[in-house]
Amino acid sequence: MHRLKTASLLSLIFLPAVVLAQEIHPDVQAALDWQLPKNECKFKLKRSSDVTGMERKYKRAMKKYEKCIGNYVTGLALEQKKMMAVAQHGLTQAQADTIMGHMRDIQTLLQMSESQSATQPR
């Protein structure tokens, strides 16, 4: 009977440690729940009958669009860095696979963005 009480007390002492070990760090959970943000950037050019003003409007609209895309890509790169940093909290293989999938998605978009910006005339 004494052994049973001792075993019960020990299990109560170690139970919080087991429960805490199974909790997911908030940064890890955020990386697991991450979803690709929608790219809200749109190239908007208002039509005009003034031909000379059209080039200026086109350049202004393009500059605004490129700035928006730049901010979107920068945000993705920051998200990727955050995901790399969550490994310090410890990950299960399934968590690591999920986060690596997110990072591959981001890397693909970053590479596409780089190739598109390299081929566009300035």
Side-chain angles (χ1 to χ4, degrees):
M1 185 70 170
H2 184 63
R3 277 187 162 172
L4 184 59
K5 284 184 180 180
T6 305
S8 297
L9 282 174
L10 285 175
S11 67
L12 288 175
I13 292 170
F14 291 113
L15 183 63
V18 171
V19 171
L20 287 175
Q22 292 179 2
E23 286 186 23
I24 298 176
H25 191 278
D27 293 343
V28 173
Q29 190 62 54
L32 293 171
D33 294 340
W34 183 85
Q35 292 184 359
L36 182 67
K38 185 176 178 186
N39 181 353
E40 300 286 342
C41 301
K42 295 192 180 358
F43 182 79
K44 298 177 187 173
L45 179 63
K46 294 180 182 175
R47 299 262 179 215
S48 173
S49 58
D50 180 18
V51 177
T52 57
M54 279 302 291
E55 184 176 350
R56 185 175 45 85
K57 287 181 181 182
Y58 174 82
K59 286 181 180 180
R60 191 174 1 177
M62 181 58 83
K63 185 176 180 179
K64 194 174 194 178
Y65 175 75
E66 287 174 345
K67 182 178 180 181
C68 181
I69 292 292
N71 290 339
Y72 179 74
V73 168
T74 300
L76 288 176
L78 291 173
E79 287 295 319
Q80 189 179 37
K81 284 183 182 180
K82 281 186 205 175
M83 285 186 207
M84 283 191 248
V86 300
Q88 70 182 345
H89 302 297
L91 302 171
T92 65
Q93 187 60 50
Q95 291 169 337
D97 292 343
T98 300
I99 292 169
M100 287 300 293
H102 295 328
M103 290 172 57
R104 274 192 301 274
D105 293 343
I106 292 172
Q107 189 61 38
T108 300
L109 285 171
L110 294 176
Q111 289 172 342
M112 286 173 46
S113 174
E114 286 175 10
S115 66
Q116 286 177 352
S117 65
T119 58
Q120 288 182 351
R122 297 249 167 214

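This one's a predicted model, so the numbers in the text were calculated from it and none came from an experiment. Keep in mind that the numbers below use all heavy atoms, side chains included, and drop hydrogens, waters and symmetry copies. Here, residue 1 is the first one in the sequence, and each next residue gets the next number.
The closest side-chain heavy-atom distance from I24 to H89 is not below 4.5 Å. For the pair E66/M62, a side-chain contact is recorded, criterion being any heavy-atom separation below 4.5 Å from C-beta on. Within the 4.5 Å cutoff, the side chain of K63 has no heavy atoms near those of the K67 side chain. Put simply, the side chain of R56 reaches to within 4.5 Å of the side chain of R60, judged on heavy atoms.
With hydrogens and angles ignored, the 3.5 Å screen pairs no side-chain donor or acceptor of S113 with any backbone N or O of L109.
When the side chain to side chain donor-acceptor pair (under 3.5 Å) test is applied to Q93, the partners found at least two apart in sequence or on another chain are D97. Every residue was checked against the salt bridge (charged side-chain N to carboxylate O under 4.0 Å, His left out) condition with K81, not counting sequence neighbours, and none meets it.
Proximity of the aromatic rings of Y65 and Y58 is defined here by a centroid distance below 6.0 angstrom, and this criterion is not met.
Using a 4.0 Å cut-off between charged nitrogen and carboxylate oxygen, K82 and E79 count as a salt-bridge pair.
To the nearest 0.5 Å, the span separating CG on L76 from CG on N71 amounts to 11.0 Å. Annotation: the span from M100 atom CE to M84 atom CE amounts to 9.0 Å, rounded to 0.5 Å. Interatomic distance, CG of D105 versus CD of Q35, reported as 11.5 Å (0.5 Å rounding).
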